[in-house]
There are 2 protein chains.
Amino acid sequence: MELSPTAYVILGMVSREPRSGYEIKALVDDTTRFFWAASYGQIYPELKRLSEAGLVEGVDAPRGERKRTVYAITADGEDELKAWLRQPPQTFEMREEGLLKLFFAGVLPPEQAAETLRAMRAHRLQVAERLRTMEPKAEEKKLEKDDPYPLMVLQGGIEFAEWFAEWCERMETRLLGSTQTKRSS
Amino acid sequence: MELSPTAYVILGMVSREPRSGYEIKALVDDTTRFFWAASYGQIYPELKRLSEAGLVEGVDAPRGERKRTVYAITADGEDELKAWLRQPPQTFEMREEGLLKLFFAGVLPPEQAAETLRAMRAHRLQVAERLRTMEPKAEEKKLEKDDPYPLMVLQGGIEFAEWFAEWCERMETRLLGSTQTKRSS
DNA sequence: ACAGGCATGTAAATAGTTACATGATTCG
DNA sequence: CGAATCATGTAACTATTTACATGCCTGT
């Protein structure tokens, strides 16, 4: 069974309770988003495919008069999810435009490279702050659902953002320190 | 001028000296690869586009009898590159399958989550080691070309890989520590 | 009444990888 | 001589984003 990478996010997201496509999207956006995103354009077609493959099952679950379909994982779906979870991870990708700009910064004066570092740092600090606001809710859920992993991953995200910000700061200092000798270019 | 994200890697890569598509690919693979990749399928068509747009210029530069075209950046290309370098970075993406697996690890016994963490850690240590072997060459180049940035970015990559490995270790300890009470599941 | 959120979806465009084809040259 | 590397490219596929269309429901 060859599933697309996004298929597993969906399987995981419906593994504990049935959810609608809309809910999956919202959940992805405020949990896995920073290391694994998914858009409507992927989620809805994928739900259809998973449903045809018998890994999830759609059930009508209207809210009032508004129609709504939630998808529940099937026994096969759970097997598939667990089999995947037991495989060692294969995908490790990063696209960090700031590092790319820093890499090429030699064609500009050092002050411009420092500016890139400051922008990177500011961005990471913002991310860290946003993630921190989510921490209390994740902490609650941990106790409620007896599942420590989402909180662990969130805290990893916070630590990473802060580590990165700190690195940017260090590099900026190093950069400006080493140009101080030749006064103003 | 709306350029594709990959266009800038290419502009950057030819900004100091003319290079062939093949060389660009090789260079990307051993420098920016871990935060910005590019494949032949992108590089060759993009070189053609950049050439048509007048941002680079292809020049015949055969090696012996084997034909070969190197691309040099033009004045317009350099303006475009510098303008882009001065914009604050916009793209920050990460796809880390290990974190996704960890996020969903609640459906498996803790030992399996620990296994994922071990695999993640091993992978990062491997990456760190590989990057470290590249450090001396980058150090040489820094002095030779008077360009500290590629080395800085490389060292950032090493530090990140090591930080991540250490985080995995810490999480594994936390995980196994908290399950020690209920002996063997 | 209207804004915003809930809900489902699709079309089009863009991005990116993989695999292949082709052929020369170099090194052991 | 054969393998590896240099070199250029394309076709097919997979992935992913963006923008749009549609319409209901809830709170102000």
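In what follows, every chain begins at residue 1, and chains take the letters A, B, ... in the order their sequences are listed.
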From CZ of A:R68 over to P of D:dC25, roughly how many Å is that when rounded to an integer? 14 Å
Does B:P148 offer a backbone N or O that forms a donor-acceptor pair with the side chain of B:K141 under 3.5 Å? no
Is there a donor in the side chain of A:Y8 and an acceptor in the side chain of A:E80, or the other way round, less than 3.5 Å apart? yes
Separation of D:dT5 P from B:K25 NZ (nearest whole Å): 14 Å
How many Å lie between CZ on A:R49 and C1' on D:dT14, as a whole number? 10 Å
Please determine if a side-chain N or O atom of B:Y22 lies less than 4.0 Å away from the OP1 or OP2 oxygen of D:dC6. yes
Given that A:K48 and A:A61 both sit by DNA chain C, which one's nearest nucleotide is further toward the 5' end? A:A61
Any salt bridge linking A:E135 with A:R132? Criterion: basic side-chain nitrogen under 4.0 Å from a carboxylate oxygen. yes
Over how many whole Å does the gap from B:E23 atom CD to D:dG9 atom P extend? 14 Å
Provide, to the nearest angstrom, the distance between the CD1 atom belonging to A:I43 and the P atom belonging to C:dC6. 15 Å
Side-chain donor-acceptor contact under 3.5 Å, A:W84 with B:E97: yes
Separation of C:dT10 P from A:E46 CD (nearest whole Å): 13 Å
Send over the distance from A:R19 CZ to C:dC6 P, rounded to a whole Å. 14 Å
Quick one: A:Y44 OH to D:dT22 P, roughly how many Å, whole number? 17 Å
Between B:E111 and B:R118, does any side-chain N to carboxylate O distance fall below 4.0 Å? yes
What string of B, S and - do you get for nucleotides 15-28 of chain C, 5' to 3', when a contact is any protein heavy atom under 4.0 Å? SSBB-----BB---
Tell me whether B:E162 contacts the main-chain N or O of B:E159 through its side chain, where contact means a donor paired with an acceptor under 3.5 Å. no
